[in-house]
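First comes the structure, then the notes that go with it.
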4 protein chains.
Amino acid sequence: MSNPHDSASNGAVRPDGEAREPQRRSPGRPRREDRMPVRDEILKTASVLFMEEGYEAVSLSGIAERCGVTKASVYYHFEGKPALFTAAVIRMLQLALAGTRRVLDQEGKSLRLRLQEVAERRLSRIQHIEFEALMREASHYLDDRQRTAIREAEQELHDLLSLHFARAIADGEIRKGDSMLMAHSYTALLMIGNRQAAKNMYASPSELAGPIMDMFWTGVG
Amino acid sequence: MSNPHDSASNGAVRPDGEAREPQRRSPGRPRREDRMPVRDEILKTASVLFMEEGYEAVSLSGIAERCGVTKASVYYHFEGKPALFTAAVIRMLQLALAGTRRVLDQEGKSLRLRLQEVAERRLSRIQHIEFEALMREASHYLDDRQRTAIREAEQELHDLLSLHFARAIADGEIRKGDSMLMAHSYTALLMIGNRQAAKNMYASPSELAGPIMDMFWTGVG
Amino acid sequence: MSNPHDSASNGAVRPDGEAREPQRRSPGRPRREDRMPVRDEILKTASVLFMEEGYEAVSLSGIAERCGVTKASVYYHFEGKPALFTAAVIRMLQLALAGTRRVLDQEGKSLRLRLQEVAERRLSRIQHIEFEALMREASHYLDDRQRTAIREAEQELHDLLSLHFARAIADGEIRKGDSMLMAHSYTALLMIGNRQAAKNMYASPSELAGPIMDMFWTGVG
Amino acid sequence: MSNPHDSASNGAVRPDGEAREPQRRSPGRPRREDRMPVRDEILKTASVLFMEEGYEAVSLSGIAERCGVTKASVYYHFEGKPALFTAAVIRMLQLALAGTRRVLDQEGKSLRLRLQEVAERRLSRIQHIEFEALMREASHYLDDRQRTAIREAEQELHDLLSLHFARAIADGEIRKGDSMLMAHSYTALLMIGNRQAAKNMYASPSELAGPIMDMFWTGVG
DNA sequence: CATGAATGAGCATTCATTCAT
DNA sequence: TATGAATGAATGCTCATTCAT
């Protein structure tokens, strides 16, 4: 067991280029230049695929093929499908967390403006499967450690949002209330962006951001 | 032409007892006993399973087993997995539509109260996978007719909600705005009920209904 | 066992119209007019399909559907697939025997001319699978009685040809030799008509009859 | 791209020992032992089975079992049943082509003697299903590339024969005529060797060669 | 690090067959 | 006569996983 199988860990978050075409490497360890690429590439590819298609629908051979490596290579880097899934989802959540934090931490902008910016960014991305749906499908296959690790990573996102709502309440910027529920309401409303019917109502997905923020801010009453 | 394969149809909706233990039957038509019509039982079981676990995660043998019949029987009644899925989802949507309409059509109650009642009912049910996630997973396997049939059934639900929002706008009961977006916002917020983290915040799922309705009605601003 | 299952028998040979569209009959026994149609129709349809596609490739539901009856009806009329196959093949062979006999028995025509006429008729028909191939595939499933019955029916065809060759030898119309081998050579050469490559060499299949008869009559030497 | 799926290829042709008893192996790569390369063994087994029993009648599990491997192994080496069939049939045709060429290319022997030798060899082999029958059955399942590849391999055999007939015509060794039709007549007559009835007429199949060659050379006239 | 070759379990689907009505 | 509803067995195929090299 000398393999680097630390399924729930995840290396430094590195946004990088798109999947390369499977250029056959010559045998033996490659000279440095493209350091530590394979594990990361697998992770990145897996993230995208799992988010787009769910757990069962994604096959390890599919991932391997897209990365130009073999299935066995994937098994060298990750303990198995559940471990890879865990790592991939966590990677994605941390990316989202970092991005969201960067926007929310801007000084001198109203909360509403910052939330709108977050919304615009998320809505313009290729849409992810709703998180709970993904988890429900996958959780049969995950063990407790894995489930918990993912839940925690997700919780961080809501914690971050909740924190900012709490601050805004303290500042009188928004009405009083349960800041965590506000966080969940916010992310739930963003899910409208996944819906075909809703997307058809506007020219581009990010145009949904305004109307959704209106709903979130003023409600229907 | 001897098979009753009309995948998109759905018999009378009858909520009733759960699947019995799988007592092996010999071939040929069994004497009637009690047994609810098998086709209906399959449909009901399939609805539940697909909603709970997604498309791929549900196997036809699983469904068959739960109904106490063989896989081949399922194939006698439905053309295949996609057809069964289509029928099951539509059945479920029509159930939901009927229930929702019954509540919303009540006279003399404010829209808010009626919406809250709908929310309570839905939140207390075993939760469904988010609809879009389910469709994204399944739609690889569905043909155009099936996709359309499902989409239409779902649209009816939002049409119904939208109609009531439009009326309320006309009556000055709520603020002006895009009634269809309101409908989507409402159902999106109900999805919070699927979230483990959110459920942990309250004693029972239906207690979420109040706070969610507050969010929906007044927003955070 | 009051069913009329006499698998190896075959009713009167009746060339008749093509398969009708499955027009639902009203329940109850139909009034006389179209007497004894179902069994025959099944037999006819089965003949065509088995000859065109082989044994395994043809399903009883396929046959039933084409006849506008149910699978169970097929089972009412025939003991099972092997029995139906046996009856169908024998029916077809007897048809061929009758047709061939009619041509060969013509008075005042040379054997060569009569053989050429037989060849033209056969080549212009939708082509049958080579008989031995069909039998090899099917014989796993047939019992001894069935195998024998088919073999005998086929033998009659070669007996008929052989008889005419023997007569021609006696009359000095053709060279001396094994008349049964001549019969087999003749039918073997006709199989060229089944070959795509050969068919492409001529405008219409029946144009093959001349050249093939030349080969048969004079050889290459 | 990790699978060696090149369905139409065919490795070096090596006639060798039969399949061993299916000793269950544990997963992972087995230590070499003797074992002929598995891919080749599958191919050889498949050739025999398809030729003997047709397309549908042969199951991949049957092939796997005879080779002492699992179905999944067959799928590792071949894309699917159609691909395996294609490879197997082409392998067999190329074997036949090579053998036939070897005999026909002998110097200093009359065409008739060489053809007789080819006939003796073929007739003494376990008999193949008639080729067209096989193709008719299989072609539903093959794609265009596969169909073409097989057709071409078969055409080569007739091209070879046709070439030798053409030469013999030029040399005045045989009568003038369509050399390709001669080739087809020759192979069609050899099919007599498949027939039970014909085989019963002689002590051993290869004794059919003489009489058949007589027919081919001098006809009945 | 990486992979080629293999396995076992499971799945969707089809089919011949049976039997109560 | 005919059929609707059911079964059991088989088939083609995919997938996660393993291991010697």
Side-chain angles (χ1 to χ4, degrees), chain A residues 2-4 25 27-30 38-39 56 58-62 64 69-77 79-82 84 141, chain B residues 2-4 24-32 37-39 56 58-62 64 69-82 84 141, chain C residues 2-4 25 27-30 38-39 56 58-62 64 69-77 79-82 84 141, chain D residues 2-4 24-32 37-39 56 58-62 64 69-82 84 141:
Chain A
S2 68
N3 289 5
R25 267 185 279 303
R29 162 179 295 192
V38 177
R39 192 178 187 278
E56 302 227 44
V58 174
S59 79
L60 292 201
S61 12
V69 296
T70 59
K71 240 191 307 186
S73 272
V74 176
Y75 273 89
Y76 176 76
H77 290 286
E79 226 174 19
K81 198 183 182 184
L84 174 55
Y141 305 96
Chain B
S2 71
N3 289 8
R24 283 286 142 247
R25 245 178 289 131
S26 44
R29 163 180 287 196
R31 266 181 253 82
R32 248 324 164 94
V38 176
R39 203 191 120 98
E56 305 223 44
V58 174
S59 79
L60 292 203
S61 8
V69 297
T70 59
K71 239 190 311 186
S73 275
V74 176
Y75 274 91
Y76 176 75
H77 290 285
F78 299 91
E79 232 173 14
K81 200 182 180 184
L84 174 55
Y141 305 95
Chain C
S2 68
N3 290 4
R25 266 187 280 302
R29 161 179 295 195
V38 177
R39 192 177 190 279
E56 302 226 44
V58 173
S59 79
L60 293 201
S61 10
V69 297
T70 60
K71 242 191 308 188
S73 272
V74 176
Y75 273 89
Y76 176 76
H77 290 287
E79 227 175 17
K81 197 181 182 186
L84 173 56
Y141 306 95
Chain D
S2 70
N3 288 8
R24 282 286 141 247
R25 245 179 289 134
S26 44
R29 164 180 288 197
R31 268 184 249 80
R32 244 329 162 95
V38 175
R39 202 190 119 98
E56 304 224 44
V58 173
S59 81
L60 291 204
S61 12
V69 297
T70 59
K71 237 191 311 185
S73 276
V74 176
Y75 274 92
Y76 175 73
H77 290 286
F78 299 91
E79 229 174 16
K81 199 182 182 185
L84 174 56
Y141 306 95

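Throughout, a chain's letter reflects where its sequence line sits, starting with A, and its residues are numbered from 1.
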Separation between the P atoms of dC1(E) and dT21(F), rounded to whole Å: 22 Å
Proximity to the side chain of Leu60(C) - top-ranked nucleotide from dA16(E), dA2(E), dT13(E): dA16(E)
Below 4.0 Å: OP1/OP2 of dA2(E) and any side-chain N or O of Tyr76(A): no
Contiguous pairing runs of three or more, Watson-Crick or G-U under 3.5 Å, that involve DNA chain F: E:2-21 with F:2-21
Spacing between Phe78(D) atom CZ and dG12(F) atom P, to the nearest angstrom: 15 Å
Touch class at under 4.0 angstrom, heavy-atom based, for Ser59(D) against every strand present: sugar-phosphate
Which nucleotide in dT3(E), dT17(E), dT18(F) has an atom nearest any side-chain atom of Tyr75(A): dT18(F)
Side chain to side chain, Arg39(B) and Tyr76(B), heavy atoms closer than 4.5 Å: no
Interatomic distance where CZ belongs to Arg39(D) and C1' belongs to dG4(E) [whole Å]: 14 Å
side-chain N/O His77(C) vs dA2(F) OP1/OP2, d < 4.0 Å: yes
side-chain contact (heavy atoms from CB on, under 4.5 Å) between Tyr75(B) and Leu60(B), intermediate numbers included: CA-CA 9 Å; Tyr75(B) 274 91; Leu60(B) 292 203; 3.3 Å; yes
Separation of dC13(F) C1' from Lys81(B) NZ (nearest whole Å): 14 Å
dT7(E) phosphate, OP1 or OP2, under 4.0 Å from Ser73(D) side-chain N/O: yes
Heavy-atom pair of closest approach, residues Ala64(B) and Val74(B): CB-CG2, 3.8 Å
Polar pair under 3.5 Å, donor/acceptor by atom type, side chain Lys71(A), base dT17(F): yes
Phosphate OP1/OP2 of dT11(F) contacted by Ser61(D) side-chain N/O (<4.0 Å): yes
Closest non-hydrogen atom pair between Val58(D) and Lys81(D), with its separation: O-NZ, 2.8 Å
Closest-nucleotide 5' rank along DNA chain E - winner of Ala72(D) and Ala72(C): Ala72(D)
Distance, rounded to the nearest Å, where Glu56(B) contributes CD and dG10(E) contributes C1': 13 Å
